[in-house]
Participant: 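Let me give you the structure first, and then I'll get to my questions.
Here is how names work: the chains are called A, B, and so on, in the same order as the sequence lines, proteins then strands, and each is numbered from 1.
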Protein chains: 2
Amino acid sequence: MSRKDNSVNIENSKRGYHHGDLRVALVQAGLEMLKTRSADEVSLREIARMVGVSATAVYRHFPDKAALLGALCDEGGRELARLQVEAMKKSGGGRPGFDAVGRAYVRFALDNPTLFRMMMTTRPAVDFLDIQPDRDNSALQLLRENIAALVPAGASQEQRRIAALQAWSIVHGLAMLMLDNQVPVDEAVIDAVIDSAATGVATSR
Amino acid sequence: MSRKDNSVNIENSKRGYHHGDLRVALVQAGLEMLKTRSADEVSLREIARMVGVSATAVYRHFPDKAALLGALCDEGGRELARLQVEAMKKSGGGRPGFDAVGRAYVRFALDNPTLFRMMMTTRPAVDFLDIQPDRDNSALQLLRENIAALVPAGASQEQRRIAALQAWSIVHGLAMLMLDNQVPVDEAVIDAVIDSAATGVATSR
DNA sequence: TCGGCAATGTTTACAGCGATAACATGTCTC
DNA sequence: GAGACATGTTATCGCTGTAAACATTGCCGA
């Protein structure tokens, strides 16, 4: 019997009827799958198969496929934030911190192409630029403060917002262009572009 | 009989067995469809239905779905180039031309979200930045010359490339962030970011 | 003028997909 | 121990992309 239906071969599995922690297993399998496949090749059924569970079992933990993918995006968001905070701390903040965070952003995108694209397309807008402190997200808070610190003291609120958006645009645009093979990946080029982005923010006009 | 199969009701159609120019009809219908649907909602069968032809007829003109979508991307690329050249000519070139082209780029992305995303993800890399004159693409040629003209005279080849890439990154990043609802769409913000991008190129460090 | 061939349609069929409904099994609580 | 509830399963539906076989048409050479 091939896999035309939702069935799963219980004989071959050493687990019992219940999985234990299916939700996290599905998320892990999903993230694994994103590493080697493009977005439209990611199927709910295959993720379920990887975990060794019937396709419909997924619906006990997620209302639909989009929700499962959303959970993958959340995980990616946390990881990206973690990497950025780490990069900033290692570099000691300030302008070197800004550069390091930018590089971490581009690197994450290049290392996780499908996931990164999904995060951007489907996430409900992180609102990096919203200056007012929101919720508990200390990672983003740190980033905002970092950008704000780079902007010259006399700058208006509006100038700060534009400068921050420009910095984000450069890094994001560079990441996307390289991700989409519009521009060849080149570490030196990444460094050069990010460096001049930082200069742009620091002298924000 | 509902539409569970590939069939098409010949009675209701006033055309004969042959369509006339199915290829362009499919491309037009496809572009129409992209206006109202997201990428994963675009189905080959529905495009065929719009044209009033069986799903498999598509395969007489395109090897597979990807090829059909590729044709849509080509069409989008031509339109984008046309808009950019038009914008540049209207503005008289130089730095105003640079700004106008950037705005046209962002506007096209915002006006054609699905198509633009598809163009970037699936197109074989336009290589805007490759300075050597390639093929016959006069539109891109014009853009390259325009960017090159903005860069200070003393700049090296490498500096020019970095400056051009940075400009493209800013515009592309801004377009993608707004497209993905990470940043609210705001004409004034677009102008401000593009303007400082131009300044960045003109003073390229 | 006609006969056949290449181009371009059609129907039929299949496997994979996301999703719903009905059913099965295990766990936890009283 | 009983039964409620969570979490599995199979069966089935309608949709998708695509291959194979068949049908119709227009065109080109005898």
Side-chain angles (χ1 to χ4, degrees), chain A residues 1-27 29-30 33-34 37-72 114 118 122, chain B residues 1-27 29-30 33-34 37-72 114 118 122:
Chain A
M1 171 190 66
S2 73
R3 283 297 166 60
K4 303 183 58 174
D5 50 29
N6 293 332
S7 70
V8 57
N9 195 337
I10 292 201
E11 327 300 337
N12 295 354
S13 136
K14 55 188 57 173
R15 77 169 164 84
Y17 194 89
H18 285 111
H19 178 279
D21 202 344
L22 183 53
R23 187 180 210 279
V24 319
L26 288 171
V27 169
M33 191 158 169
L34 288 183
R37 293 170 135 75
S38 74
D40 59 340
E41 295 169 340
V42 173
S43 97
L44 180 150
R45 291 170 100 109
E46 187 167 355
I47 294 177
R49 247 177 263 136
M50 285 176 67
V51 177
V53 100
S54 74
T56 51
V58 174
Y59 291 87
R60 296 295 169 197
H61 301 271
F62 302 96
D64 55 16
K65 182 187 182 183
L68 171 53
L69 296 185
L72 302 186
T114 307
M118 263 184 32
T122 72
Chain B
M1 173 190 66
S2 74
R3 283 297 166 60
K4 301 184 59 174
D5 49 31
N6 293 331
S7 71
V8 56
N9 195 337
I10 292 202
E11 326 300 336
N12 295 355
S13 135
K14 55 187 58 173
R15 79 170 162 83
Y17 193 90
H18 284 111
H19 178 279
D21 202 346
L22 182 52
R23 186 180 211 279
V24 319
L26 288 171
V27 169
M33 191 157 168
L34 288 183
R37 295 170 132 73
S38 74
D40 59 340
E41 295 168 340
V42 173
S43 98
L44 178 150
R45 290 171 99 110
E46 187 167 356
I47 294 177
R49 248 177 262 137
M50 285 175 66
V51 177
V53 98
S54 74
T56 51
V58 175
Y59 290 87
R60 296 294 170 197
H61 301 272
F62 301 97
D64 56 15
K65 183 187 182 183
L68 170 55
L69 296 185
L72 302 186
T114 308
M118 262 185 30
T122 73

Participant: Write down the distance between CZ (R49(A)) and P (dT9(D)), rounded to a whole number of angstrom.
Facilitator: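 Roughly 14 Å, once rounded to whole Å.
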
Participant: With a 4.5 Å limit on heavy-atom distance, are the side chains of L22(B) and R60(B) in contact?
Facilitator: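 A side-chain contact is absent here, since even the closest heavy-atom pair is not under 4.5 Å.
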
Participant: Between L72(A) and L34(A), does a side-chain contact (heavy atoms from CB on, under 4.5 Å) hold up when you go through it step by step?
Facilitator: CA-CA 9 Å; L72(A) 302 186; L34(A) 288 183; 3.9 Å; yes

Participant: Looking at dG18(C), dT12(C), dG17(D), which one has an atom nearest to any side-chain atom of T56(B)?
Facilitator: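 Of the options given, the side chain of T56(B) lies nearest dT12(C).
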
Participant: Between D40(A) (CG) and dG16(C) (C1'), how many Å, whole number?
Facilitator: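 To the nearest whole Å, that distance equals 14 Å.
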
Participant: Quickly work out the L44(A) CG to dT16(D) C1' distance and round it to whole Å.
Facilitator: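 After rounding, the reported distance stands at 16 Å.
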
Participant: Which whole-number value in Å describes the distance from L68(B) CG to dG17(D) P?
Facilitator: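 In whole Å, dG17(D) P lies 10 Å from L68(B) CG.
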
Participant: Looking at the side chain of V53(A), which of dT18(D), dG8(D), dT10(C) is the nearest nucleotide?
Facilitator: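 Of the candidates, dG8(D) comes closest.
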
Participant: Do I47(B) and V58(B) have side-chain heavy atoms sitting under 4.5 Å apart?
Facilitator: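 Side-chain contact under 4.5 Å: no.
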
Participant: Rounded to whole Å, how long is the line connecting atom CZ of R23(A) with atom C1' of dG8(D)?
Facilitator: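 Checked: the CZ to C1' distance equals 17 Å.
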
Participant: From CG of L26(B) over to P of dT8(C), roughly how many Å is that when rounded to an integer?
Facilitator: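 Those two atoms, CG and P, are 12 Å apart.
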
Participant: Contact between L44(A) and F62(A) at the side-chain level, heavy atoms closer than 4.5 Å - yes or no?
Facilitator: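 Of all side-chain heavy-atom pairs linking F62(A) with L44(A), none is under 4.5 Å.
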
Participant: Give the minimum heavy-atom separation between M50(A) and A29(A), together with the two atoms involved.
Facilitator: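 Where M50(A) meets A29(A) most closely, the heavy atoms are CE-O, 3.7 Å.
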
Participant: Using a strict heavy-atom distance below 4.0 Å, which residues from residues 57-67 of chain A are in contact with DNA chain D?
Facilitator: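 Heavy-atom contacts with DNA chain D come from A57(A), R60(A), H61(A).
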
Participant: dG26(C) C1' sits how many Å from L22(A) CG, rounded?
Facilitator: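 So the two atoms are 15 Å apart, to the nearest Å.
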
Participant: Do V42(A) and L69(A) have side-chain heavy atoms sitting under 4.5 Å apart?
Facilitator: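 Yes, close enough: below the 4.5 Å cut-off.
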
Participant: Find the distance L69(A):CG to dC17(C):P and express it as a whole number of Å.
Facilitator: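 Distance, rounded to whole Å: 14 Å.
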
Participant: Can you tell me if R45(A) touches the phosphate of dA15(C), counting only side-chain N or O atoms and a distance under 4.0 Å to OP1 or OP2?
Facilitator: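 No, R45(A) has no side-chain N/O under 4.0 Å of OP1/OP2 on dA15(C).
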
Participant: dT16(D) phosphate, OP1 or OP2: any side-chain N/O from S43(B) under 4.0 angstrom?
Facilitator: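 For dT16(D), OP1 or OP2 has a side-chain N or O of S43(B) closer than 4.0 Å.
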
Participant: Does E41(B) reach the main-chain N or O of S38(B) with its side chain, forming a donor-acceptor pair under 3.5 Å?
Facilitator: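 Yes, because the side chain of E41(B) sits within donor-acceptor range (under 3.5 Å) of the backbone of S38(B).
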
